[in-house]
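Each residue takes its place number in the sequence, starting with 1.
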Amino acid sequence: QVQLVESGGGLVQAGGSLRLSCAASERTFTNYAMGWFRQAPGKGREFVAAITWSSYNTYYADSVKGRFTISRDNAKNLVYLQMNSLKPEDTAVYYCARDKRYRYYTYSVSPLQYDYWGQGTQVTVSS
């Protein structure tokens with residue numbers, strides 16, 4: 001099984017930046033699209049961003065487009081989420097996840113399409 005571990009969360013002021021990292025235990029994770037989701041207290045899991053297995057394409061929720069950047073370093077088994085111009089509404093637990101489809105050409109916004117999840121890292125944006 002693939003193990004994913006997020007890091008880099010914390011407390012940041014509105015307008016600030018934060019970089020999240022997701023470390024994968026399996027080298028074969030490079031053959032799958034990866035996604036970032038977030039979940040605020042009392043709310044469902046929300047799609048944030050995704051990157052295809054080839055790293056050629058990235059996708060973003062409208063709420064973060066232009067502010068967040070997803071990237072991956074396959075040689076290091078790492079996926080990143082660079083978050084700039086943070087807003088209080090970005091406050092949530094952030095999760096990285098692997099798309100269950102092998103070398104698929106596109107992404108999915110549904111958490112049901114992802115089979116392995118990290119434990120999450122808390123991001124809190126103050127006003």
Side-chain angles (χ1 to χ4, degrees):
Q1 291 187 333
V2 176
Q3 292 180 306
L4 304 174
V5 180
E6 302 96 336
S7 62
L11 177 64
V12 65
Q13 296 178 357
S17 298
L18 211 58
R19 189 193 194 192
L20 305 183
S21 298
C22 175
S25 63
E26 298 285 339
R27 289 171 55 88
T28 54
F29 107 104
T30 60
N31 295 315
Y32 297 85
M34 297 291 294
W36 283 97
F37 291 78
R38 65 187 182 186
Q39 188 167 17
K43 298 184 178 180
R45 199 157 293 187
E46 175 191 14
F47 172 78
V48 176
I51 185 167
T52 57
W53 73 274
S54 66
S55 77
Y56 291 154
N57 297 297
T58 58
Y59 307 89
Y60 301 93
D62 288 340
S63 59
V64 305
K65 194 173 299 181
R67 299 188 298 119
F68 290 11
T69 302
I70 186 172
S71 61
R72 67 195 302 167
D73 186 339
N74 289 341
K76 297 181 178 180
N77 295 341
L78 291 172
V79 181
Y80 303 102
L81 184 67
Q82 178 66 47
M83 304 183 294
N84 299 325
S85 302
L86 283 163
K87 305 175 181 179
E89 49 262 47
D90 294 320
T91 296
V93 177
Y94 283 71
Y95 301 88
C96 68
R98 191 194 78 170
D99 193 305
K100 65 176 66 176
R101 297 167 295 186
Y102 177 79
R103 291 190 173 183
Y104 205 63
Y105 72 98
T106 190
Y107 73 107
S108 177
V109 302
S110 172
L112 298 177
Q113 199 62 63
Y114 296 79
D115 55 358
Y116 293 103
W117 295 81
Q119 299 178 45
T121 184
Q122 176 70 48
V123 172
T124 302
V125 184
S126 64
S127 301

Walk me through it: do Met83 and Val12 pass the test side chain to side chain contact (heavy atoms under 4.5 Å, CB included)?
CA-CA 11 Å; Met83 304 183 294; Val12 65; over 6 Å; no

Flag side-chain contact, heavy atom, 4.5 Å: Val5 against Gln3: no

Practice prompt. I would like to know whether Arg38 and Thr91 meet side chain to side chain contact (heavy atoms under 4.5 Å, CB included); could you show each step before the answer?
Written response: CA-CA 9 Å; Arg38 65 187 182 186; Thr91 296; over 6 Å; no

Taken to the nearest 0.5 Å, the spacing of Tyr59 OH from Ser108 OG works out to 11.5 Å

Distance-only, no hydrogens or angles: does the Thr58 side chain make a donor-acceptor pair with backbone N or O of Ile51 under 3.5 Å? no

dist Thr52:OG1 -> Asp99:CG (nearest 0.5 Å) comes out at 10.0 Å

Rounding to 0.5 Å, atoms OG (Ser17) and CG (Leu86) come to a distance of 6.5 Å

Here the pair of heavy atoms bringing Val48 nearest to Phe68 is CG1-CD2, 3.7 Å

Exercise. Is the NZ or CZ atom of Arg45 both under 6.0 Å from the centre of the six-membered ring of Phe37 and within 45° of that ring's axis?
Worked result: no

Would Lys87 and Asp90 count as a salt bridge (charged side-chain N to carboxylate O under 4.0 Å, His left out) if you check the C-alpha gap in whole Å, the side-chain angles of each, and the deciding distance to 0.1 Å?
CA-CA 5 Å; Lys87 305 175 181 179; Asp90 294 320; over 6 Å; no

Is the side chain of Arg67 donor-acceptor paired with the backbone N or O of Ser85 at a distance under 3.5 Å, no angle test? yes

Query - side chain to side chain contact (heavy atoms under 4.5 Å, CB included) between Cys96 and Leu4, intermediate numbers included - result: CA-CA 7 Å; Cys96 68; Leu4 304 174; 3.8 Å; yes

Heavy atoms of Gln39 and Gly44 approach each other most closely as CG-O, 3.8 Å

Backbone N or O of Ile70 within a donor-acceptor pair of the Tyr60 side chain at under 3.5 Å? yes

Heavy-atom closest pair (Val109 atom, Phe47 atom, distance to 0.1 Å) is O-CB, 3.5 Å

dist Tyr107:OH -> Tyr114:OH (nearest 0.5 Å) comes out at 9.0 Å

Heavy-atom nearest pair, Arg72 first then Thr30, reads NH2-CA, 3.7 Å

Tell me whether the guanidinium CZ or amine NZ of Arg19 lies under 6.0 angstrom from the six-membered ring centre of Tyr80 and within 45° of its axis. yes

Donor-acceptor pair, Arg101 side chain versus Ala33 backbone, under 3.5 Å? no

- Query: Between Glu6 (side chain) and Leu20 (backbone), is there a donor-acceptor pair under 3.5 Å?
  - Reply: no

Do the side chains of Val2 and Val79 join up, straight or via other hydrophobic residues, at under 4.5 Å, putting them in one cluster? yes

- For Gln119, does the CD atom have more than 12 heavy-atom neighbours from other residues, nucleotides or ligands under 6.0 Å away? no

For Leu18 and Gly10, the nearest pair of non-hydrogen atoms, with its separation, is CD2-N, 3.9 Å

Once the angle between the rings of Trp117 and Tyr95 is folded into 0 to 90°, is it parallel (under 30°), tilted (30 to 60°) or perpendicular (over 60°)?
perpendicular

Residues Phe29 and Asn74: closest non-hydrogen pair is CZ-OD1, 3.9 Å

